[in-house]
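A short worksheet on the structure shown next.
These numbers were taken from a predicted model, which means no experiment stands behind them.
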Amino acid sequence: MAEEILKEADGKIRGHLNLSLLAVAFLSSFGSSMLYGYNLAAVNSPAQYIKEFFNRTAVRRNGTGLSNETITVLYSITVSVFAIGGLLGSLTVGILVSKFGRKGTLVKSTSLVFVAGALMGFSRTCGSPEMIIIGRFITGIHSGISLSVVPMYLGEIAPKNLRGFLGLMPSIFICLGVFIAQILGLYEILGQEEHWPLFLSLVVVPTSIQLMLLPWFPESPRYLLIERDNIHATITALKWYRVRANIQAEVEEMQEEQRSLSSVRTISVCELLADKTVRWQVITVLVINAGMQLSGIDAIWFYTNNIFENVGINASLVQYTTVGTGAIEVIAGLIGCFTIERIGRRPLMVGGFSFMGVCCAGITLSLILQAHVPFMHYVSVACVVGIIAGFCIGPAGVPFLMTGELFKQSHRPAAFIVGGSLNWISNFTVGFVFPFLQMSAGAFCYLVFFGVCVGVAAYVYFIIPETKNKTFVEISQMFASRNNCELESEPLAISDQLSLRKMNGYGSVEPKKGHKVILEERYTWTDEEDE
């Protein structure tokens with residue numbers, strides 16, 4: 001049935017949150033993004049057991065144990081090899097999403113998790129520390145793929161007024177994954193020496209659920225129309241993801257984006273970097289993705305227990321303090337998710353990075369003074385919690401969301417490769433270097449993170465425009481003046497309009513003066529019509 005276009009008081013077309021959108025956001029994040037968070041924190045609790053396993057294996061093989069320095073290096077490799085895998089995975093995103101689609105890439109990449117889970121789960125049985133390192137590397141590949149593909153997928157299926165909300169769902173599940181790893185890592189649950197292989201291999205559980213259910217949902221409508229030129233599949237997908245919305249207007253917006261592209265072909269990374277029309281978008285992606293990791297959050301997640309021990313927390317209470325920080329992560333992530341469409345992207349980013357910078361400076365000050373002022377121990381813990389909360393409110397998810405928003409369809413995969421690669425390189429750098437930086441610089445190592453946080457907050461405040469409730473074409477136009485270029489757009493072609501008419505009752509066309517054809521009736525799908 002044809003009815004009036006769905007509009008709010010401000011006259012803007014809006015979509016509605018429905019069960020299909022929520023289910024896809026949940027499944028894609030639960031089986032992918034959550035694993036990233038889980039793997040970040042899973043090596044924290046069993047760290048001592050893994051180091052002892054390395055040493056026992058060396059004694060069995062060589063007759064002598066390892067020095068403390070060698071064990072530190074091996075454990076740092078075990079932690080940071082996850083980021084090397086992530087870097088490799090992020091480099092494959094462009095090829096995978098173009099060949100298999102967004103949803104298809106998520107489904108096919110699940111096989112990596114099962115291989116990695118088996119390697120880590122049987123590492124002690126086989127007496128092979130190498131299996132842990134290889135397993136971490138493979139889970140890193142999966143996370144490198146999913147960390148880019150999930151925001152891309154959700155950003156493309158979401159109406160523009162819900163893109164921020166759904167775009168931050170992965171960051172909530174990242175925080176949830178960290179929290180679950182901290183809970184399961186408690187001594188009373190899986191924190192005992194005999195359980196650590198099982199603890200590392202539990203990554204297969206959420207992936208199994210994703211593999212069973214996600215294939216039943218449609219592919220990204222933007223991918224189906226702009227890259228596959230399949231109008232029938234596009235309409236079918238939109239009917240899944242829109243309960244009451246002006247589907248015809250949304251298809252027209254996609255076609256406008258398609259016509260504004262110099263080529264529908266997905267461009268390469270080199271072409272993206274050489275394209276002057278997106279220069280400031282690329283710089284923005286580099287700054288916010290590098291800043292996200294160099295802010296020090298990975299140092300906090302990888303070495304939480306060690307950090308709390310250094311600030312004077314009783315060893316028996318460290319694991320419970322760590323779990324408390326995990327709960328705060330989840331709460332902060334939920335605050336960011338439910339406020340982003342009201343507050344906007346920029347305030348969450350500026351506020352999050354600024355608060356993290358203040359807390360990094362606070363840790364340095366408290367560590368210097370804690371020998372003379374007893375309550376400074378509590379200030380240190382509060383600053384660690386503040387860094388985590390500030391990160392989860394905005395910087396945890398907005399960089400991925402903005403990477404998808406700042407580029408149109410042909411540039412988006414390459415942008416995620418660039419952002420994802422830099423993200424993982426920075427992740428590896430922090431994970432590998434932080435223990436040595438902490439030993440050499442002591443309390444002053446956190447001032448490095450302070451400088452990064454303040455710098456990124458300033459860049460976002462002065463350079464990046466607000467993208468809330470903007471179409472991808474509108475966002476590109478906002479950057480056009482800064483890039484000293486103009487975007488070309490063409491009128492809706494008659495063939496495009498007629499292709500919409502061929503759908504079952506989808507729109508109508510009438511000849512007007514000058515033999516031009518315009519779309520007069522807009523079609524809105526409703527639940528009653530499907531019945």
Side-chain angles (χ1 to χ4, degrees), residues 37-38 40-45 47 79 171 174-183 185-186 291-336 351-371 373-396 426-427 430-431 433-435 437-439 441-454 456-457:
Y38 186 88
L40 284 178
V43 291
N44 184 38
S45 175
V79 170
S171 68
I174 291 173
C175 297
L176 188 61
V178 172
F179 182 53
I180 290 173
Q182 292 166 342
I183 290 287
L186 290 173
M292 174 185 175
Q293 300 298 340
L294 297 179
S295 64
I297 189 62
D298 283 324
I300 300 294
W301 274 337
F302 285 148
Y303 303 103
T304 306
N305 288 4
N306 179 256
I307 291 171
F308 282 149
E309 288 173 5
N310 288 341
V311 300
I313 301 296
N314 189 293
S316 62
L317 300 177
V318 164
Q319 61 174 345
Y320 303 106
T321 307
T322 301
V323 169
T325 64
I328 293 171
E329 292 169 24
V330 176
I331 295 171
L334 289 170
I335 291 173
F353 276 114
S354 298
F355 190 64
M356 290 176 71
V358 171
C359 290
C360 286
I363 289 181
T364 300
L365 183 63
S366 62
L367 288 176
I368 292 173
L369 297 178
Q370 69 180 12
V373 185
F375 71 83
M376 280 297 170
H377 295 296
Y378 303 104
V379 175
S380 297
V381 173
C383 287
V384 170
V385 172
I387 291 173
I388 293 173
F391 179 78
C392 292
I393 285 177
S426 303
N427 182 302
V430 173
V433 171
F434 179 72
L437 180 64
Q438 193 177 38
M439 286 189 290
F444 295 99
C445 68
Y446 295 97
L447 291 181
V448 176
F449 304 136
F450 165 78
V452 171
C453 291
V454 172
V456 176

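Here Phe179 pairs with nothing under the ring-ring contact (aromatic ring centres under 6.0 Å, His included) rule; sequence neighbours left out. Annotation: side-chain contact (heavy atoms from CB on, under 4.5 Å) contacts of Phe355 (sequence neighbours excluded): Cys359. Every residue two or more places apart in sequence or in another chain that forms a side-chain contact (heavy atoms from CB on, under 4.5 Å) with Leu447 is listed here: Thr364, Phe444. Among residues two or more places apart in sequence or in another chain, the side-chain contact (heavy atoms from CB on, under 4.5 Å) test is passed with Ala389 by Ile328, Ala332. Evaluation of the side-chain contact (heavy atoms from CB on, under 4.5 Å) rule for Ala457 yields Phe353, Ser354 as partners, not counting sequence neighbours.
What you find for Met292 and Ala396 is that their closest heavy atoms are CE-O, 3.3 Å. Heavy-atom minimum distance, Cys360 versus Ser295: SG-O, 4.1 Å. When all heavy atoms of Ala361 and Phe450 are compared, the pair lying nearest together is CB-CD1, 3.9 Å. Here the closest heavy-atom approach between residue Val379 and residue Ser366 is recorded as CG1-CB, 3.9 Å. In this structure, Cys392 and Glu329 approach most closely via the heavy-atom pair CB-O, 3.6 Å.
Rounded to the nearest 0.5 Å, atoms CD1 (Ile393) and CD1 (Ile388) are 12.0 Å apart.
Listed by first and then second residue, the side chain to side chain donor-acceptor pair (under 3.5 Å) pairs that reach into residues 382-392 come to none, sequence neighbours excluded.
The closest side-chain heavy-atom distance from Ile387 to Ile363 is below 4.5 Å.
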